[in-house]
Structures are given as C-alpha cells and as structure tokens.
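Just below is one structure, and these are the notes that go with it.
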Amino acid sequence: MNGAATARILTDQVRGAVLLPGDAGFDARRKGFQTAYHHRPSVIVRPDGPEDVVAAVAHAAGAGLSVAAQATGHGLSFPLDGGVLVDTSTLTGVTVDARAGTARVAAGTRFTDVVDAAARHGLAPLNGSAPGVGAVGYVLGGGLGLLGRRFGWAADHVRAVEIVTPDARSRRVTADSDPGLFRALRGAGANFGVVTAVELELVRISRIYGGELVFDLARTPDLLERYLGWTRTLPEELTSSVSLVAYPDLPLFPARLRGRLAGHVRIAHTGDARSGECLAAPLRAIGHLLSDTLAEMPYTECGAIYDDPHMPHAYLGDNVLLRAVTPEQAAAVTELAGAPGPVPCVVDVRHLGGALGRQPAVPNVVGHREARYLLRVLVPLMGAEPDHADRMRRAVLDTVAGQSVGGRCQNLVYGRPPGPAEDFWEPADHRWLTGLKTRLDPANLFRCNRNIPPAAHG
Ligand SMILES: Cc1cc2nc3c(=O)[nH]c(=O)nc-3n(C[C@H](O)[C@H](O)[C@H](O)COP(=O)(O)OP(=O)(O)OC[C@H]3O[C@@H](n4cnc5c(N)ncnc54)[C@H](O)[C@@H]3O)c2cc1C
C-alpha cells in the first residue's frame, strides 16, 4: 500500500495527527535526541489517546508494517525504514496519588515532569542521571537510577502498564491481570507493544546529599582504584559512579577541564548532609580537585549531579556488568581512558549492589543482579569517525573481560555495538521471553528495538 493510501485510512481513524513524508513537521518528528540515526517511517501517528494507538497498531498489523514508539529519541538505535512511527510525545501528563505513593505517567512524559509533580507531595520517582529522558522508555529497559542501591531498578517499582499489544488491544497489565506479560514488560524493552502509560511507585525522598567531585587525573592516576576501594565501605543509602573523561583542548569545554584527563565522582546519598560529608571525606582527602559541588539539595535539582548534555547529538555506547575490577584492570582502564583521541571518550564505572542486587517482590526480567559494577564506554561522535569509538569500546571492555557476569545493561547501550542481543537478559529469561514473543507478536511487528525475535524468525 502506498503512503497516501495509508494516510487516508489512518486519518479517518485517528483523532490526533497523521504525517506523511513531505508534510510540515514530518522531519522534525522522525528525529530524536540521538542524531546518529533517524527513523524513516512511511507514516507518523501523533496520537490523541490510546484509541489512536490502537488504530495505528491495527493498521500496521493489517498492512504487515513494523511499528515503533518514540518519546524523546534518547534511545534511538534501530530506526524504522518504512512502517508506522507512534510519536508518543503528544501523550503527556503525571497524576500523583499521594496517599498510595504512586504516579500514573503518560507515555510521552519526561522524568523532569515526574520529579516536579512527585516533589509537591514529598515524593520522588526512581529516575536516572538525565531527567530529560522519557520515563516509559527508561522503565521498559530496567532503569538504573540515581538512588538505585537504596531502592533497586526502576522496573522493580512498576504497578501497572497500559499498553496496546500487537493484536491492537488496549490493556491495563498488572501482576494480577496478566502476570506473564507484566513480568516481561518490566525489562524487555519495547518488544511487546506501544505503552500508553505506566503507574510507578514513588519513594519518600525530597532532599538528597549529592553532586560531584572532579579530580585532576594527572595528579591522581590511581583514582579509579581508590574509588573502587571506597565503594566497598559504603551503605546502600549512597549510590555513585566515576567517569574518566579525556577532554580535548577545545573552547566548548570549561577552561578548567580543557586538555585534561578528569575523574568525575558523582554521588546521590539519601541520608542527611552530615552523614554524606562523613562518607565523602575519604574521597575529598585524595585532593587535587578541579571542582566540588557536593551539598544537600532538593531532589528537584537531581539533574545537576550528572549535568548530562541537553543538546541532541550523536553517540555510541556499550557496557558490561562486572563481578569486580582488580587494581591492574583499574590501571589499564585509566590508561585507555587517557589515550588521546579526536573526541572525549567517557569511561564510567557505576557502583551496583544493594537493592539493585536483590530480586523484586514481583519478579521481572532485569537480570544479572549479582553484578557489583557496570563499566561503560560512551563516545560522542562530534563528526569523528565511528572507528575510533569502536576501537575504544573493544579495548576498554576487553580489559575486564574475565570479570563479566555475562550480561549488559540495555539502557546504557547506544547504537548497535556487536555482541549478542540476548545478553541483556538471563539465558532462561531470554528463552522464556522468546516463547512469549512468539505467542504475542509472531510477525515481529515490534522489531525496531533491542529485539527478541519470535521463534520462527530466530
Ligand atoms: C544522556 C542520557 C542519560 C541516560 N541516563 C540513564 C540512566 O542514568 N539510567 C538508565 O537506565 N538509562 C539512562 N539512559 C538511557 C535511557 O533511559 C534509554 O535510552 C531510554 O530508552 C530512553 O527512553 P526515551 O523514551 O527517552 O527514548 P526513545 O528513543 O524515544 O525510546 C527508547 C526506546 O524505548 C522505546 N519506547 C519509548 N517509548 C515507548 C512506548 N511508549 N512504548 C513502547 N516502547 C517505547 C522506543 O521504541 C525505543 O526502543 C540515558 C540516556 C541518555 C541519552
């Protein structure tokens, strides 16, 4: 069926907007925050409500087209080439039930709005480092948050998922209504339909002690090893990471960082400021700080801890979940992070464990919970050749290969690095998810994602 015929049918069925190539707004809506890829759909549906999503999925199923949802494009790695793009940025809104401690979050809502709405009731969601990320995409991929060691993965705190499944039915999925699908949705990404809203449990947090200490690595070359030693002393109330960044000498970076290898230790501590100061004291004692922003802050300012980029750009990233990192491996990773390159390559280690290591009350498919650290390589492309990014990725991840628990965190993979997609899940969960996918989406309509192909496609 050609594009015009598609549009005619959908325009009659959809209350929101239907855009075709060439229409005003089509190009803007098919792009996302990640600029290394762009969707090239044959049609974009901007729904006015779940019924419009039902119409879009029914149409795609009938025409044998693939479907994908996009909220912000922060995780855009598998662009549609033809097919139906459901632009969920039209479905926004947060309704907090303060008594239940939950929030119903519509599919296109960014965490910034969830954080603000929850804060009015002294509550907070389990968002990640960048509140500009879409809440639904983040939760579907597990959600490794600022307060992870205290409260676990964001997917552990989902009460309900409203979704349009590949059979074009709108359902509200809970642990009671459909335990299998509920388990799969919390960690199996976008494989099972277009989510129209989620109901999230909030936590009673309104202030944290947090920020970053930035070290000059030329003078503290063993920072990574010392950071790892420090993490072994910490309570679950403190979640942290360290990022090693070799900043090129370019005016776009702050003067104090240009041309330096810097180590950013980021902290979010749910205890009071005094205990935060005590816990941070051994790090501050290392000295050679380029900056220190650690302080008590309202949770609404949590985005300042990582101060992730706000401007759309191209980036590639990969990670590995680790049991441990030896001092020799820490030294080798630091050396690689400092290697000169055309762009600042970011190597970070996130401290896991605590509640991230425990199973949730209602099981989901976020696995590899025995991991104690996540090592990630992130390369903004800035016009530089992707080969450099790939060389860095391989070199850094190879350094710690013997420590892998055999898995990766799907949310922190950007682009399509080589490696088996199934290692986002435990092998038994992947087999089970394949069975569910075969039953619910045998034609693999939802394939432009970190895909779990149905058995016939495998
Ligand atoms: C700067 C930055 C910081 C980040 N920090 C963290 C972090 O600290 N912790 C963490 O866990 N992750 C983090 N992420 C990763 C981020 O959580 C994922 O990329 C997430 O998938 C983004 O969701 P989105 O809706 O914003 O992006 P999109 O690109 O719009 O969507 C990402 C994926 O989710 C699917 N999807 C989106 N909405 C729906 C829906 N309604 N129904 C079905 N599928 C849907 C899309 O099809 C796509 O496959 C970060 C990413 C960036 C770029």
Side-chain angles (χ1 to χ4, degrees), residues 29-39 41 47 50 53 56-57 66-80 83-92 105-112 126-148 153-155 161-166 185 187-198 239 241 243 266 268 302-303 305-317 319 346 348 350 352 356 366 374 376 378 380 409-415 445-451:
R29 299 316 325 168
R30 74 192 178 86
K31 292 179 183 164
F33 183 86
Q34 160 68 279
T35 58
Y37 308 96
H38 301 307
H39 286 295
V53 178
V57 173
S66 58
V67 199
Q70 175 158 287
T72 72
H74 276 79
L76 170 52
S77 297
F78 295 88
L80 283 163
V84 179
L85 181 64
V86 180
D87 169 12
T88 61
S89 68
T90 51
L91 303 176
T92 55
V105 179
T109 311
R110 293 173 190 257
F111 262 121
T112 327
L126 296 175
N127 56 289
S129 63
V133 157
V136 165
Y138 165 92
V139 167
L140 294 179
L144 179 56
L146 293 175
L147 310 181
W153 298 83
V161 181
E162 296 169 31
I163 184 169
V164 177
T165 40
L185 290 173
N191 273 283
F192 292 97
V194 177
V195 171
T196 52
V198 286
T239 304
S241 72
S243 296
R266 272 98 177 208
C302 65
I305 297 177
Y306 281 73
D307 195 22
D308 279 326
H310 304 278
M311 295 296 288
H313 61 284
Y315 44 97
L316 299 177
N319 69 79
V346 181
D348 40 48
R350 291 199 185 198
L352 308 179
L356 292 165
V366 179
L374 178 150
R376 178 177 75 152
L378 173 69
C409 169
Q410 59 174 306
N411 266 6
L412 300 182
V413 174
Y414 306 118
L445 286 189
F446 290 88
R447 56 181 172 269
C448 291
N449 49 41
R450 308 235 171 254
N451 195 227

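Numbering of ligands and ligand atoms starts at 1, following listing order. Because only heavy atoms are used, hydrogens play no part in the values below, and waters and symmetry mates are left out as well, while side chains stay in.
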- Query: Is a side-chain donor-acceptor pair under 3.5 Å present for Gln70 with His39?
  - Reply: yes
- Sequence-distant partners of Arg450, salt bridge (Lys or Arg N to Asp or Glu O under 4.0 Å), two or more places apart: none
Could you tell me, for ligand 1, which of its N or O atoms are under 3.5 Å from any protein N or O, listing the pairs and their distances rounded to 0.1 Å?
{"from": "ligand 1", "atom 1": "5 (N)", "to": "Ser129", "atom 2": "OG", "distance (Å)": "3.1"}
{"from": "ligand 1", "atom 1": "8 (O)", "to": "Ser129", "atom 2": "N", "distance (Å)": "2.9"}
{"from": "ligand 1", "atom 1": "8 (O)", "to": "Ser129", "atom 2": "OG", "distance (Å)": "3.4"}
{"from": "ligand 1", "atom 1": "8 (O)", "to": "Leu144", "atom 2": "O", "distance (Å)": "3.4"}
{"from": "ligand 1", "atom 1": "8 (O)", "to": "Arg350", "atom 2": "NH1", "distance (Å)": "3.1"}
{"from": "ligand 1", "atom 1": "8 (O)", "to": "Arg350", "atom 2": "NH2", "distance (Å)": "3.4"}
{"from": "ligand 1", "atom 1": "9 (N)", "to": "Leu144", "atom 2": "O", "distance (Å)": "2.8"}
{"from": "ligand 1", "atom 1": "11 (O)", "to": "Leu144", "atom 2": "N", "distance (Å)": "2.9"}
{"from": "ligand 1", "atom 1": "11 (O)", "to": "Asn411", "atom 2": "ND2", "distance (Å)": "2.9"}
{"from": "ligand 1", "atom 1": "26 (O)", "to": "Thr72", "atom 2": "OG1", "distance (Å)": "2.5"}
{"from": "ligand 1", "atom 1": "26 (O)", "to": "Gly134", "atom 2": "N", "distance (Å)": "2.8"}
{"from": "ligand 1", "atom 1": "27 (O)", "to": "Thr72", "atom 2": "OG1", "distance (Å)": "3.4"}
{"from": "ligand 1", "atom 1": "27 (O)", "to": "His74", "atom 2": "N", "distance (Å)": "3.3"}
{"from": "ligand 1", "atom 1": "27 (O)", "to": "Gly75", "atom 2": "N", "distance (Å)": "3.4"}
{"from": "ligand 1", "atom 1": "29 (O)", "to": "Gly73", "atom 2": "N", "distance (Å)": "3.3"}
{"from": "ligand 1", "atom 1": "29 (O)", "to": "His74", "atom 2": "N", "distance (Å)": "3.3"}
{"from": "ligand 1", "atom 1": "29 (O)", "to": "Gly75", "atom 2": "N", "distance (Å)": "2.9"}
{"from": "ligand 1", "atom 1": "29 (O)", "to": "Leu76", "atom 2": "N", "distance (Å)": "3.3"}
{"from": "ligand 1", "atom 1": "30 (O)", "to": "Ala71", "atom 2": "N", "distance (Å)": "2.8"}
{"from": "ligand 1", "atom 1": "30 (O)", "to": "Thr72", "atom 2": "N", "distance (Å)": "3.0"}
{"from": "ligand 1", "atom 1": "30 (O)", "to": "Gly73", "atom 2": "N", "distance (Å)": "2.9"}
{"from": "ligand 1", "atom 1": "41 (N)", "to": "Val195", "atom 2": "O", "distance (Å)": "2.8"}
{"from": "ligand 1", "atom 1": "42 (N)", "to": "Val195", "atom 2": "N", "distance (Å)": "2.9"}
{"from": "ligand 1", "atom 1": "47 (O)", "to": "Ala69", "atom 2": "O", "distance (Å)": "2.7"}

- For Arg350, the salt bridge (Lys or Arg N to Asp or Glu O under 4.0 Å) test, sequence neighbours excluded, returns none
- Would you check if Ser243 and Arg266 make a side-chain contact, meaning some heavy-atom pair closer than 4.5 Å? yes
Less than 3.5 Å apart, which donor and acceptor atoms pair up between the side chains of residues 136-145 and the rest of the protein, not counting sequence neighbours?
{"from": "Tyr138", "atom 1": "OH", "to": "Leu126", "atom 2": "O", "distance (Å)": "2.7"}
{"from": "Tyr138", "atom 1": "OH", "to": "Gly128", "atom 2": "N", "distance (Å)": "3.2"}
{"from": "Tyr138", "atom 1": "OH", "to": "Gly145", "atom 2": "N", "distance (Å)": "3.3"}

- What one should report as the nearest heavy-atom pair of Phe446 and Val194 is CE2-CG2, 3.6 Å
